[in-house]
Structure formats: structure tokens, C-alpha cells
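For reference, the structure is listed below as C-alpha cells.
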Amino acid sequence: MIRLTLKARPSFRLSLAGITPDRIADVVAAELERRPLVEGNRRGALGDWFRVEASGEPDRLVIVAGDDRLDDIGAGMAAGELVVEGDIGAGAGTAMSGGILRVAGSVGYGAATAMRGGELRIAGDAGDQLGGALPGERTGMSEGVVIVGGNAGGSVGDRMRRGLIVVAGAAGPFCAARMLAGTIIVGGALGAQPGIAMRRGSLVALDAAVPPAPGFADCGVTDLAIVQLIGRFLARSGLAALAAHIGPLRRRVGDLALNGKGEILTPP
Amino acid sequence: MIIDGVEIEDTFAEAFGMRATRLIVTADSAGWARIAGETATGFATSVIACGAEAGIERMLDPAETPDGRPGIAILLFAINREALAKAVRDRVGQCILTCPGTACYAGMSDGDPVPLGRILRYFGDGHQAAKRLAGRRFWRIPVMDGEFLCEDTVGQQKAVGGGNFLILGRGRAAVLAAAERAIAAMRLLSDIIMPFPGGIVRSGSKLGSRYKGLSASSNLAYCPTVRGVVATALPESADAVLEIVIDGLSEAAIASATAAGIRAACAGGGGAILRISAGNYGGKLGAFHFHLRKLLA
């Protein structure tokens, strides 16, 4: 295990892109301290900001005492386990393709952007654009699992292509907007315009109060086997409280403005 | 060799390589899961005329199924991957898709997979939808009672078909009772099916026929009503024979099932069961030989 302990709050945003368990597994502590990092527009070495300790399991990285100025944690991660014992900033798990990233606190803007695999677990809240697309890209998250224990900001799963996002709490406006496929489950309230411009995919909103979705056609209440599968997945993932809400759901199909065949599933 | 007063003939069953898969079918109740399983495995006694051999492996508790509903595991066997793919497509499409409340899942993931929902999805006429969850891909096909949920593909593997043994005895009722005991014991085991009605065959066959175009015909050596006019294999006082045919996912599964079945058939026969034998073709056709005495030693 490698432990990175933040010495002091960075003055500006500090990117930890490339500092992932799979890329530093064979690196000795002294060498790791010399790894280049960028804070704002200033270049430095990892040792400038972190105290490095290495012992035991090489594919486990722990960042002690996170900070919301730490960006791109787990970006590009392909294997292993990365644990953050606090809050972090933007871009957590960007383009992640494997392994598991656990965040004990909250994450900022753009977590799981362009995620291609693996699992991102956030105990606290997530900022806007969870599971979205990189600037200029046509599609967002294309595989993997994201589980948020708290609330999420706006545009969860924007342009999402595949994969699963679970938000145990509430989600902000434009949830599942422009979604191409995949599954988003929200346990709490939804912000305005859920599923707008949605092509395919599923938004499962387990809170009874769902805002109007004018582009969606009501297809009635059904008890779907796929929902049972989702419920069992939630239960296995430690989200038994959410799983308890699984049952017959009302199905709305849309966004018909785009001839979409996505769906919003809500309590009857 | 004698077991419970029954002679075990020094012979062997000859079996063949096949391809097999397992499907998990769930429904709203165990009764409907069974109906789906029985329908999908109907008319699947022999590849000779049915295209596939199929049977119910066992019922599944809700805790054992992917969607937490009662279910059933069925095994399908065919002579090659292509024939298996056709059997899966046709049987799931006609017997499980059509059955109220069912869903169909892959019961194995290994091997070059055969299409399942991937081919049946077109029934949705444009309103089918794929859903990927926990690394597995499913198809949701709209049907009149909701949705038919079906896994995208199912794995398949090498398997063994045609394991068998014969129960020779005095009195049809006693022989049938012995065969039923054997089937009851064998149904406790995994990875096997007995594809014939109730697991039991009365029309054991031999290769060839005196009639042109008929590849198999009645195994007259074991037919009591012609014993005086053919070279019979029946003991003096035997007047009924029943066969149990076994298909399994492995040679070991068939061996275990054969041994368990024979022991159960011999036990409690009350002297009416005279001999256990097996069907073979001289060992020249099948790659798998199950020597009865070795299995029971």
C-alpha cells in the first residue's frame, strides 16, 4: 500500500492525473516523490505536497486527508484500488477504465467524465456533470459503475453511452439529459428537465416527486424483471434502502422530441 | 458382480461427444417456471428426430435466480454448436418467450456463446432495448403482459450424450418401479438430464433397419414378445426391459449418475430385477465408454 498524506492545503488547484495504483505499483517511495505535478500554472514534484509511505500491497493507494483542490484523482486508472479519506475536487475518475476508486467525502465537478470501466464509489456528494463527456466529445461515460451515497449536482449522465450511475440522494437539473444509453438510478428528488433530449437508456427515479417531463409519453405501470435485477444489484452494492423501493414502476418513454426511446421509471 | 441380488453385466454404455448449454428460466411462480421448462424441453428426447436433447436439471429457489423469482434450470444438448444455437433460438422463442411472466438467463458463460436475446430481440419490432448490468447484457422485448427479459447470449461447452443403462426384470410394473427409483436418485444430481419421457425409455434402439432410409430400429434382442424368434439378450425369466439415457455436461457427471441410478434401481427390487445391462455399438462409434462394473466397484 502507498499512502500519500497531504502536507498542507494547496494554494491553487492541484492535478493528480497519472497518480494511480496501477501506474505507481512498482515505484519506490523516493521516486514517487519526484513525480511531476502541476498546481495552477506552477510545476513541482509530488513530494512538494505529499508525504509518501509505501508498505505491503502494491496495488492499493490511499490519499489521506483529501482536499477539494485536489483534481483528477484516479484519472486514467486501469486497475487496483485508490482510496481517498476526505473530499476531492474536479475530474475524479476521469477516463477511468478499471479498478475501484473510493472517496470517503465528496467530489467536485465532472467525476467519472468519460469513464470506460471500473467502479467509483463516493460516500458524500458529487458535483455537476457526473459521468459526462470530455469537452468536444460526443459521448460521456461508456462503461463502469458510479455510486454516490449523497446528492449529485446538475447534468448527471449527460450524453452517457453505457454503464450505471446510482445517486442515493437527490440529483440536480438535466439528469439523464442527452443520454444515449445506460442506467441512472436516483433515490431522492430530481431537478428540472429530467431526460431532456434523451435517446435511449433508463432513468429510474425512486422518489415520488418527479418534475414534469413533457417529452415523455406515459406507458403505464408495470412490474419489470429488469427492475428486479436492478434491485438485487442495489442490495448487493450495499444500497438496501434504495432496493426496498424497487417494485412496480410507471414507465414514461421519450424524449419524443427526438424520437427517443429512453425511459423514466418512477413510483406509480 | 451382484448388487442387492441383481446381476451387473460386464458391459459398457457407449456415449458421444455433444455440445450443451444451460438456461435459467424464471417466472412469477414455481408452477409457471416449470411449465416454461417443460414446454421448452418437450419433444427433445433424441437428436435423431428432435434436433436436440433437453431436460429439466432442477428447480431453483428465488435466492438462486438472477431476478429473485422462482426458476428452473434446463440443459440442452445438440450434435454441434450450430445445431445447439438453432435449438436455443427456436425453443426459447417458441416456448419461453411465449410463456406468461417468464425471463430467460444464461446458465453458463464459458465457451463460444450462442445468441439468445441477440436473435430474439427482433420480435420487439423496433421497441426492444438492450440493458447492461453488472457485466451482463440483456434484451427487453415488449410483450402483451409486460416485457420478456432475455440475456444477450448464453455460453456453451463440450458435453457427453447417450450414457445409458438397461434394467431387465420380471414384470413390467416392477421394472418400471425400479426405473422410477433410479430417476428419483439421479434427479438429485447436477449437470445431467434424462431426456426421455419421465427419464425412461421403453423403445431402446439399435443402429440400422431392414427398411431402407430408417437409421434406427427396435432393439429386438431386448423385446420380450419376439424372444423366441430373434437372438434374444433376455434372461430366462425376464419379460420387461426399460432403459435410462443420460446426457451430461461431463463424463464424470454421467458416471456418477449412472452409478447412483443403478444402485437405486437394484435396491428394493424384491427379486424382480434380474440384471442391469447397457447399450453400446461395440465401442467403435462413441468416444466415451462407461463400464458398469468399474463405475460400481
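As a basis for the values below, the full set of heavy atoms in this structure was taken, side chains included, without hydrogen atoms, waters or symmetry mates. In the text below, chain A, chain B and the rest are named by the order of the sequence lines, each starting its count at 1.
The local environment of CD in B/E82 is crowded, with over 12 non-hydrogen atoms from other residues, nucleotides or ligands closer than 6.0 Å.
The main-chain N or O of B/G155 is found under 3.5 Å from a side-chain atom of B/T21 such that the two form a donor-acceptor pair. Checked by atom type and distance alone, the side chain of B/E251 never pairs as donor or acceptor with a backbone atom of B/V160 at under 3.5 Å.
Ranked by heavy-atom pairs shorter than 4.5 Å toward chain A, the options B/G126, B/G135, B/G101 are led by B/G126.
The ring-ring contact (aromatic ring centres under 6.0 Å, His included) test applied to B/F196 returns no partner, not counting sequence neighbours.
You'll find the side chain of B/E57 reaches within 4.5 Å of the side chain of B/S190, heavy atoms only. Side-chain contact between A/L130 and A/M141 is absent, with no heavy-atom pair separated by less than 4.5 Å. Looking at heavy atoms from C-beta onward, B/L23 lies in side-chain contact with B/L76 at the 4.5 angstrom threshold.
With a 4.5 Å cut-off on non-hydrogen atoms, A/L224 touches chain B through its side chain but not through its backbone. Contacts of A/L229 with chain B are made by both backbone and side-chain atoms, with heavy-atom separations under 4.5 Å.
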Enumerate the inter-chain donor-acceptor pairs under 3.5 Å for chain B and chain A, one line per pair.
| residue | atom | partner | partner atom | Å |
| --- | --- | --- | --- | --- |
| B/T65 | O | A/R232 | NH2 | 3.1 |
| B/P66 | O | A/R232 | NE | 2.9 |
| B/G126 | O | A/K261 | NZ | 2.8 |
| B/Q128 | O | A/R200 | NH1 | 3.3 |
| B/K131 | NZ | A/G182 | O | 3.0 |
| B/K131 | NZ | A/T183 | OG1 | 2.9 |
| B/K131 | NZ | A/S202 | OG | 2.6 |
| B/R132 | NE | A/E143 | OE2 | 2.7 |
| B/R140 | NH1 | A/E263 | OE2 | 2.5 |
| B/R140 | NH2 | A/E263 | OE1 | 2.9 |
| B/R140 | NH2 | A/E263 | OE2 | 3.1 |

